[in-house]
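This report concerns only the one structure given below.
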Amino acid sequence: MIKIVVLGSGFGGMEAVLTLESRLGKRKDVEIILVSNQNYTLFTPLLPQIVSSYIEPRHIIQTIRDIRRDKKFRFIRDTVIGIDLNKKVVRLSEGEISYDYFIIALGGTTNYFNVPGAESYTFPLKTLQDSAELRDHIIDILEHADHEHDITLKKEMLTFVIVGGGYTGVELTTELRDFIYRYVIIL
Ligand SMILES: Cc1cc2nc3c(=O)[nH]c(=O)nc-3n(C[C@H](O)[C@H](O)[C@H](O)COP(=O)(O)OP(=O)(O)OC[C@H]3O[C@@H](n4cnc5c(N)ncnc54)[C@H](O)[C@@H]3O)c2cc1C
C-alpha cells in the first residue's frame, strides 16, 4: 500500500488532497490521509467581514466531512508536532503516522516585519478564532465607549489603528468603516 499523507486542511492541503483523490482515489494500492488540527477548511478572504459582523463564522467554513462525503481519503484531526524523515513518520500529538510520501501545507505565521510593538499590542487576523476575538473586542470597546463621559478617553477608545496596508489591512479598514458609520454611529 502506498501511503500519501497531506498535512493541513487550508487552501493548499485541500487542493492537494482533492487532486490526489481525483487522480488516485480509485486505486486499491493507494491510501490518502489528510491530517489537520482543524476539522474544516476556511475561506480566509472573508475574515475581515467576520470582524465587522457582516457575516458569521459558519458562512466561511466548510467541514472536512462535508467535503469528504463518499470520497476515499481518510481524515485525522490532530496536531503535527514533527516529521522524522529517517523513520518516515509524521509525529502527531496523539501518536504517529507512517508515510511513503507527504505534502506539507501547514500555512504560515504572521510576519510583523520587526515593527516595534506590533506583535505585543495588536490582534492578528489569520484564523477564524482571530477574527472572532477581534470582532468581540471591537464590540466590547464600542459598548464601553458608549457610556464613557470623559471625552478624551472616549476618543482614545474609538481610535482604531490597523498595522499593515496590504489586502487584509485595507479590507479590514473599509469593513470597520462601514460597520461603524452604518450601524454604530447614528449621525
Ligand atoms: C485575512 C486574509 C485574507 C486573505 N485573502 C486572500 C485572497 O483574497 N486571495 C488569496 O489568494 N489569498 C488570500 N489570503 C492568503 C491565503 O489565505 C493563504 O495564502 C492560504 O490560506 C495559504 O494556504 P495554506 O494551505 O498554505 O495555509 P492555510 O490555508 O493557512 O492552511 C494551513 C492548515 O494547516 C493546519 N495546521 C497548521 N498547523 C498545524 C499543525 N501543527 N498540525 C495540524 N494542522 C495544522 C491549519 O489548521 C490549516 O488547516 C488571505 C489571508 C488572510 C489571513
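Atoms within each ligand, like the ligands themselves, are counted from 1 in listed order. Residue numbers run from 1 in the order of the sequence given.
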| said: So, 4.0 Å and heavy atoms of Leu92: is ligand 1 close enough to count as a contact? | reply: no

| Looking at Lys88, Lys87, Lys3, which one forms a side-chain hydrogen bond (donor to acceptor under 3.5 Å, both in side chains) with Ser98? | Lys3

| Any luck finding a side-chain donor-acceptor pair between Asn39 and Thr63 under 3.5 Å? | no

| request: Using a strict cut-off of 4.0 Å, indicate which atoms of ligand 1 neighbour a heavy atom of Gly8. | output: 33 (C), 34 (O), 35 (C)

| Would you say ligand 1 has an N or O under 3.5 Å from any N or O of Leu47? | no

| When you measure from atom 43 (C) of ligand 1 to every protein heavy atom, which one gives the shortest distance, and what is it? | Asn37 N, 3.2 Å

| Is it the side chain (CB and beyond), the backbone, both or neither of Asp78 that lies under 4.0 Å from ligand 1, heavy atoms counted? | backbone

| request: Kindly confirm or rule out an N or O of Tyr40 lying under 3.5 angstrom from an N or O of ligand 1. | output: no

| query | Would you say atom 19 (O) of ligand 1 has a protein heavy atom nearer than 4.0 Å? | reply | no

| remark: ligand 1 atoms nearer than 4.0 angstrom to some heavy atom of Gly12 are 23 (O), 24 (P), 25 (O)

| message | Which of the numbered atoms in ligand 1 are under 4.0 angstrom from any heavy atom belonging to Gly10? | response | 25 (O), 28 (P), 29 (O), 31 (O), 33 (C), 48 (C), 49 (O)

| Does CZ belonging to Phe11 count more than 12 external heavy atoms closer than 6.0 Å? | yes

